[in-house]
S.K.: 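Have a look at this one before I ask anything.
Reminder, nothing fancy here: chain letters follow the sequence lines and each chain counts from 1.
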Protein chains: 2
Amino acid sequence: MTPSDTKTWTSETVAGDLERAIHEHRLPPGTKLGEDELGEAYGISRTLVRAALQALSYRRLVELKRNRGAFVAQPTVAEAREVFEARALLEPRTARSAAERMTPEALATLRDHIAAEHTALHAGETGHALFLSGEFHILIAQIADQKTIEDFVSELISRSSLIIALYWRRRAALCESQAHHALIDAFEARDGALAEELMKSHLLDLMASLDLRNLVARPQSLREALGR
Amino acid sequence: MTPSDTKTWTSETVAGDLERAIHEHRLPPGTKLGEDELGEAYGISRTLVRAALQALSYRRLVELKRNRGAFVAQPTVAEAREVFEARALLEPRTARSAAERMTPEALATLRDHIAAEHTALHAGETGHALFLSGEFHILIAQIADQKTIEDFVSELISRSSLIIALYWRRRAALCESQAHHALIDAFEARDGALAEELMKSHLLDLMASLDLRNLVARPQSLREALGR
DNA sequence: GTTCACGATCTTGTATACAATATTGAGCCC
DNA sequence: GGGCTCAATATTGTATACAAGATCGTGAAC
């Protein structure tokens, strides 16, 4: 993270940074994102902050409340269900397509990704591991080579991180390592049907780990969460 | 359309108006959307224009080119395929869900919609008919009562209007009237499986009507297209 | 006639100023 | 102590000013 006096932040990079912070649960659901505070933190004017926040609101990561400000979104139980239903519709398909298009390079990338996730977990960096876990799914969608669906998946993954922050009840790491490894095997075998089935059950498993009756949120100061 | 001196335009309403104009092919793909020109047309400052354009860029209806301006998007052939593939993945499901949830009121709304479309066609308002035709699909997604997927469908429908502007080769009205009527029958019978199948073939039919080898674009002045 | 360079002007990117609205704290009353 | 009111302050919404970059027209050179 670059210090604020380096002045390299655009609205896009700020949005990306905030999204990362949200994804890694450094900015929990419900956190207020003040324009002035963010402007000071990043060393930019409110104009760019507002653009970044608008961008995040289109990804449903941030809720803009007129005259009241921007807040990290807090998906309802209904929204949680919807997001995972949408994932259940799209991701098995991307898994199948990815398997059919798999290359040694792509496979290596996926493996590196899992390794990085394990490393982060062992180092106690659960937020980073969470981010990488979600990125694994996005990588699959990228390999599937369908940008439109990839974009939807990307948004759903980001929103999932909020849902997980609010509703996750399983002690274990987010995605069962085994499930990702099984997917890797299906990809190596270029077995589209298997990849599709594995993704379906993986997502069912994820959804089963959500307690869609609880709601928790913990705001904290912005500077602290962004580490500046 | 309210005259510009009434000062009721927000960035959201401007974005909605522009989206409507794009959808009805009054703003063709490739049209430059100048900030000052739009600000004058709507009687607002560039601040709100920029926000509206950013909103439209997130829906992929407008392409923002840094230092060069905003243009109505021109989907490539690849994008066209992707959009219809994504629709093929999502809309049969929404059709099924809609059928299972159908009420007499919702059915009446759909029927009214088709009637309005016919009226527009007979009046020679092809742009309006086109808009209503797309709205029919969005209505189905709304009845399906899954907001997340509905939002994706809405975006895909809007992008479809651009694709149709560029690649449509059939002389007939956009969606075959018969296909929409058959869907209505399936909805009336609350036959989810039939609705799903009908939607699948309807979308295949639509995609078959696109000539994904041609590219046409016709810019024109903004004031003219917006009728102000 | 064609091409290139340069300057003027236009347009977009961003910061800042001003307007509008919400929040908070102090004081007063019951 | 609790509730209400009001003013000060903070924050958001929007316009405007200034900076940066792109475009276009003109004149000179070939």
Side-chain angles (χ1 to χ4, degrees), chain A residues 2-18 27 30-58 61-74 217 219-226, chain B residues 2-18 27 30-58 61-74 217 219-226:
Chain A
T2 317
S4 68
D5 56 5
T6 312
K7 188 68 195 300
T8 58
W9 295 97
T10 64
S11 65
E12 285 92 358
T13 55
V14 170
D17 199 50
L18 289 174
L27 285 181
T31 308
K32 172 140 194 201
L33 305 174
E35 296 179 358
D36 278 344
E37 199 173 354
L38 285 178
E40 280 164 30
Y42 288 100
I44 54 175
S45 79
R46 282 176 52 223
T47 309
L48 296 192
V49 169
R50 293 175 65 78
L53 292 175
Q54 188 179 358
L56 291 172
S57 82
Y58 285 108
L61 296 183
V62 162
E63 188 180 5
L64 301 180
K65 300 181 183 178
R66 189 175 177 90
N67 293 327
R68 279 166 176 63
F71 301 83
V72 177
Q74 297 178 289
Q220 71 187 76
S221 110
L222 270 184
R223 253 180 212 266
E224 204 175 312
L226 294 178
Chain B
T2 317
S4 69
D5 56 6
T6 312
K7 189 64 195 299
T8 60
W9 295 98
T10 64
S11 66
E12 285 92 357
T13 55
V14 168
D17 200 51
L18 289 174
L27 284 182
T31 310
K32 172 140 194 199
L33 305 174
E35 296 179 0
D36 278 343
E37 198 172 350
L38 285 178
E40 279 164 30
Y42 287 102
I44 54 176
S45 79
R46 282 177 52 222
T47 311
L48 297 190
V49 168
R50 293 177 66 78
L53 292 176
Q54 186 178 2
L56 291 172
S57 81
Y58 285 108
L61 296 181
V62 161
E63 187 180 5
L64 300 180
K65 300 180 184 178
R66 188 173 177 92
N67 293 329
R68 280 166 173 63
F71 301 82
V72 177
Q74 297 178 287
Q220 71 187 76
S221 114
L222 270 183
R223 255 180 208 266
E224 205 174 312
L226 295 177

S.K.: When rounded to the nearest 0.5 angstrom, what distance separates CG in Leu61(A) from CG in Leu18(A)?
M.R.: 10.0 Å
S.K.: Please work out whether the ring planes of Tyr42(A) and Trp9(A) are parallel, tilted or perpendicular, with thresholds of 30° and 60°.
M.R.: perpendicular
S.K.: Can you tell which of dT14(D), dG13(D), dT16(C) lies closest to the side chain of Leu48(B)?
M.R.: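 Looking only at side-chain atoms, Leu48(B) lies closest to dT14(D).
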S.K.: What distance separates Lys65(B) NZ from Ser57(B) OG, expressed to the nearest 0.5 Å?
M.R.: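 If I round to the nearest 0.5 Å, the distance is 13.0 Å.
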S.K.: Strictly under 3.5 Å: I want the nitrogen or oxygen pairs between protein and nucleotides 18-21 of chain C, one per line.
M.R.:
{"from": "dT21(C)", "atom 1": "O3'", "to": "Asn67(A)", "atom 2": "ND2", "distance (Å)": "3.4"}

S.K.: Is the phosphate of dT14(C), meaning OP1 or OP2, less than 4.0 Å from a side-chain N or O of Thr47(A)?
M.R.: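 Result: no.
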S.K.: Counting only side-chain N and O atoms of Lys32(B), is one of them less than 4.0 Å from OP1 or OP2 of dT12(C)?
M.R.: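 Checking dT12(C) against Lys32(B), a side-chain N or O does come within under 4.0 Å of OP1 or OP2.
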S.K.: Atom OH of Tyr42(B) and atom P of dT14(D): how far apart are they, to the nearest Å?
M.R.: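 Spelled out: OH on Tyr42(B) to P on dT14(D) is 16 Å.
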S.K.: CH2 of Trp9(A) versus C1' of dG13(C): gap in Å, rounded?
M.R.: 19 Å
S.K.: Decide side chain to side chain contact (heavy atoms under 4.5 Å, CB included) for Val14(A) and Leu38(A); before the verdict, give the C-alpha distance in whole Å, the side-chain angles of both, and the deciding distance to 0.1 Å.
M.R.: CA-CA 9 Å; Val14(A) 170; Leu38(A) 285 178; 5.8 Å; no
S.K.: Whole Å only: how far is the CD atom of Gln54(A) from the C1' atom of dT12(D)?
M.R.: 14 Å
S.K.: Starting at NZ of Lys65(B) and ending at C1' of dG13(C), how long is that distance when rounded to a whole Å?
M.R.: 18 Å
S.K.: What's the CG-C1' distance between Asp36(A) and dT16(C), to the nearest Å?
M.R.: 12 Å
S.K.: Check side-chain contact (heavy atoms from CB on, under 4.5 Å) between Ala70(A) and all other residues, then give those that pass, not counting sequence neighbours.
M.R.: Leu33(A), Leu53(A), Val62(A), Leu64(A)
S.K.: When rounded to the nearest 0.5 angstrom, what distance separates CD in Glu40(A) from OG in Ser45(A)?
M.R.: 12.5 Å
S.K.: Rounded to whole Å, how long is the line connecting atom CD of Glu63(B) with atom P of dT12(C)?
M.R.: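 After rounding, the gap between these two atoms is 14 Å.
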S.K.: On DNA chain C, nearest-nucleotide positions of Ser45(A) versus Arg66(A): which is more 5'?
M.R.: Ser45(A)
S.K.: Just call it for Arg50(B): base, sugar-phosphate, or nothing, with non-hydrogen atoms closer than 4.0 Å on any strand.
M.R.: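 Arg50(B): base contact, heavy atoms under 4.0 Å.
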S.K.: Listed by chain and number, what are the salt bridge (Lys or Arg N to Asp or Glu O under 4.0 Å) partners of Glu63(A), not counting sequence neighbours?
M.R.: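 Listed in chain order: nothing, the list is empty.
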